[in-house]
> 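Here it is: the structure, laid out below.
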There are 2 protein chains.
Amino acid sequence: MAQNEKITILDIARRTGLSKGTVDRVLHNRGEVSRRSYDKVMAAIEELGYEPNVYASLLAKGQHHLVAVLIPAHEPGTFWELAAGGIEKAAESVGTLGVRMQHFEYDQYDIESFRAACARVLEAGPSGVVIAPLFQEETDLFAAQLREHGIPFAYIDSKPETDGYLAYFGMPLYKSGYLCADQLTGGFAVPSALIVRIRRDRNQQSDPTINRRAGFVDYMLEHSPDCILGNVFIDPNDPDSIEGTLDAWFREHPGTRHIVMFNSRIHLLVPWLQRHPDSQRRVVGFDNLKANMDALRDGTVSCLIAQHPDEQMRLAIEALAEYILRRKLPQKKDNFMHMDILTRYNVDYY
Amino acid sequence: MAQNEKITILDIARRTGLSKGTVDRVLHNRGEVSRRSYDKVMAAIEELGYEPNVYASLLAKGQHHLVAVLIPAHEPGTFWELAAGGIEKAAESVGTLGVRMQHFEYDQYDIESFRAACARVLEAGPSGVVIAPLFQEETDLFAAQLREHGIPFAYIDSKPETDGYLAYFGMPLYKSGYLCADQLTGGFAVPSALIVRIRRDRNQQSDPTINRRAGFVDYMLEHSPDCILGNVFIDPNDPDSIEGTLDAWFREHPGTRHIVMFNSRIHLLVPWLQRHPDSQRRVVGFDNLKANMDALRDGTVSCLIAQHPDEQMRLAIEALAEYILRRKLPQKKDNFMHMDILTRYNVDYY
DNA sequence: TTTATTTCCGTGCACGGTAACGGAAATAAT
DNA sequence: ATTATTTCCGTTACCGTGCACGGAAATAAA
């Protein structure tokens, strides 16, 4: 561990009777070195315990790497805004290492815009890419292109089944549904619960909420087998329909109390919930959007399960930087992040 | 934000008609510069948006800074072991910047050992110090010494009332007690609950659990005013006494169900809890020690509130490094970390 | 053997900043 | 006016690597 003096490239040059140029060629094995010399250098490196000086290296090549981030447009108050926030956090840690970040947006409901964004990323010539893969097939195509160019990439949020990525940072979706159910019921059997869903565009192949719902349902089957699970669909862009849909459902099922949503839009229900207060009702949703946290504070929502997309982003960028600068692979390829339970009593510290 | 080209020290030298030597003198204000030149340089720096190249700087001076960490001995399975874990995490991020860390231990029940550790820290001549201040007065003395030497320091876990530190990273203690109460009761009124405590040495002046208990009690007064709160004391080194104490209490108060501890030792109750199973009982404790998380998994403990001391450690070290290397003050001086709620359903991802 | 090619390797500058050294210019002392 | 001091500033030699350039040595082709 403790080396009294730093071994430099010059030391092993002297030791082997070669020049630092040759040693450098060996270190980066860029050829033009005889077998004999190669072995001598390698032996000396081993023997003296040489470790390259990162500063000198970075200074010398003066490389300013670019990491491209490819995520859906982050409208204020959306899930992707949170993710984008992680870019700045990453900038603090790896920015000093000469890594810059650039942000490429696409419309999550328009596959064409995704294709266009991919093209722009390639044009920018990044050293690494972070991808939030919403369109499965298109993502695979893009991944293949990146591999061709030798550009490493990492996924956040969800990941395609195809391999070839450097790392993945996401949430254990199935488990999150399980956890969600436990928070909704408090561990006790409940007679019924309502699942509020948003109808998805068929173009968008990847839907994380499917797995969440599966975990939720399995928990209920185990702990509350007689529970009746209702499903209603709402249109996020039509507040009136939300009101109407919920009113209709509760008129027909007055016994139901608890409500759950598996995406980040639980805040859409706040107006209705406020008009129909019920101190015994539990409402559980996902993700620490500002609107959601406000609902938590005023008691409209009981609990949020947060996955901290900003952390995922930061870790993905850091993993890429580590690989780009030092060729170091991440310890784990698939990283499932912690799920945080937010209530009105701890939400203020997020 | 986007600077096309990096501004170097030479650029501002040329811009001002001075030499890089002079610019350097200004940058490190080591005098021998006329007022006129000083102003010119400062203006150019501002104007061109100069930012020093950390690599070149570190390479040139070859400094390897040392951050000393002063925390209680981290026996395996204790709270401080978690904190010590953060040192390695910090090493990954700031280690590449030439910052090394050294760890100084003391016995948290022996004030003499704390004094000795302080002396050893000063001998090592660190560029910054992280302190977990358990002995209030002694810590103030040490802080004064550090200030004298111009060594910046940061507190974790708790902080003395004296100012002069660079940053503090800890948990909102009072609020954590509040949150704890909410998790224990599920928001409903309960008839009674038992608080299990550990008798403290009077030498140790700083006790974080006091504030926690205050928050807990206040929550109960609001939400469960008629609740009877029991207090028992156990000796952590005597398992038999733990059994006896709990048996005795529950013999006299059979109506009580829920149990809470405000320190990290809830795992001490596991043997007793396992011998007296009760599916309706809620048991809440603090901190993500391995033994605690195991108890969560097998259902013995219902809920843990985690503050992630390793994160506190990492952030404290990073803040120090940022100040040492770039003289940048942390954004906030007092940082209250998030409190995470751990249940059997999300504990596997910690 | 001479000439043309490869193979292999040393030299030297660049990267951006640090700080010691010494000297010119400005001021003070004689 | 001359000398002694300050005050201020430019020059220069590093720090450890990366890499282009050119040339010596070894081999192949003539």
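Being a predicted model, the structure only gives us computed values, none of them experimental. First the proteins, then the strands, lettered A, B, ... as listed; each starts at 1.
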> What is the separation between atom CD1 on B:Ile9 and atom C1' on C:dG17, rounded to the nearest whole Å?
6 Å
> Tell me the interatomic distance from A:Asp39, atom CG, to C:dC8, atom C1', rounded to whole angstroms.
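Result: 15 Å.
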> With a 4.5 Å cut-off on side-chain heavy atoms, are B:Tyr106 and B:Leu134 touching?
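They are in contact (side-chain heavy atoms under 4.5 Å apart), so the answer is yes.
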> Reckon B:Tyr50 has a side-chain N or O less than 4.0 Å from the OP1 or OP2 of C:dG17?
yes
> Roughly, in whole Å, what's the span from CG in B:Leu27 to P in C:dG16?
15 Å
> Where each residue is assigned the nucleotide of DNA chain D containing its nearest heavy atom, which of B:Ala60 and B:Leu18 is assigned the position nearer the 5′ end?
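Result of the comparison: B:Leu18.
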> D:dG16 C1' sits how many Å from A:Ile7 CD1, rounded?
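After rounding, the reported distance stands at 13 Å.
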> Taking side chain to side chain donor-acceptor pair (under 3.5 Å) as the definition, give me every residue that meets it alongside A:Thr78, ordered by chain and number, with sequence neighbours left out.
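In terms of side chain to side chain donor-acceptor pair (under 3.5 Å), with neighbours along the sequence ignored, A:Thr78 is linked to no residue.
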> Would you mind reading off the bend of the helix from C:dT5-D:dA26 to C:dT30-D:dA1 from its two end axes, five pairs each, to 10 degrees?
60°
> Quick test of your reading of the model: are B:Glu123 and B:Arg120 salt-bridged, counting only N-O distances below 4.0 Å?
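Salt bridge flag = no for B:Arg120 with B:Glu123.
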> Using atom OH of B:Tyr55 as one end and atom C1' of D:dC14 as the other, report the distance to the nearest whole Å.
21 Å
> Just compare D:dC15, D:dG10, C:dG17 and give me whichever is closest to any side-chain atom of B:Thr22.
D:dG10
> For A:Asn335, which residues count as a side chain to side chain donor-acceptor pair (under 3.5 Å) partner, sequence neighbours excluded?
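Not a single residue meets the side chain to side chain donor-acceptor pair (under 3.5 Å) criterion with A:Asn335.
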> Determine the interplanar angle of the B:His308 and B:His338 rings, folded into 0 to 90°, and report it as parallel if under 30°, tilted if 30 to 60°, perpendicular if over 60°.
perpendicular
> Could you give the CG-to-P distance, from A:Leu10 to D:dG18, as a whole number of Å?
13 Å
> Would you give a per-nucleotide map of nucleotides 19-28 of chain D, 5' to 3', where B means the base has a protein non-hydrogen atom under 4.0 Å away, S means only the sugar-phosphate does, and - means neither?
B---------
> Name the residue from B:Tyr155, B:Tyr165, B:Tyr168 that meets the side-chain hydrogen bond (donor to acceptor under 3.5 Å, both in side chains) definition with B:Asp334.
B:Tyr165
> May I ask you to verify if any side-chain N or O of B:Ser57 is less than 4.0 angstrom from the OP1 or OP2 atom of C:dT18?
yes
> Answer yes or no: does a side-chain N or O of B:Ser19 lie under 4.0 Å from OP1 or OP2 of D:dG10?
yes
> Before accepting this row, confirm whether a basic side-chain N of the pair A:Glu81/A:Lys290 lies closer than 4.0 Å to the acidic partner's carboxylate O.
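Salt bridge: no.
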> Starting from C1' on C:dG16, measure out to CG on B:Asp11 and report it in whole angstrom.
10 Å
> Please give, in whole Å, the distance from C:dC8 P to A:Asn29 CG?
15 Å
> Look at all strands and tell whether B:Leu58 reaches a base, only sugar-phosphate, or nothing, counting heavy atoms closer than 4.0 Å.
nothing
> Regarding A:Asp39 and A:Arg35, does a basic nitrogen lie under 4.0 Å from an acidic carboxylate oxygen?
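The answer is yes: the pair qualifies as a salt bridge.
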> For B:His74, check side chain to side chain donor-acceptor pair (under 3.5 Å) against everything at least two apart and list the hits.
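If we apply the side chain to side chain donor-acceptor pair (under 3.5 Å) test to B:His74, skipping adjacent residues, the hits are B:Glu105.
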> Side chain of A:Ser37 only, heavy atoms from C-beta on: which candidate in D:dG16, C:dG17, C:dC9 is closest?
C:dC9
> Using heavy atoms to find the nearest nucleotide of DNA chain D for B:Leu59 and B:Gly17 separately, return the residue whose nucleotide is more 5′.
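The residue closer to the strand's 5' end, by nearest nucleotide, is B:Gly17.
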> Applying side chain to side chain donor-acceptor pair (under 3.5 Å), can you list everything that pairs with A:Gln312, at least two apart in sequence or on another chain?
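Here the qualifying residues are A:Gln307.
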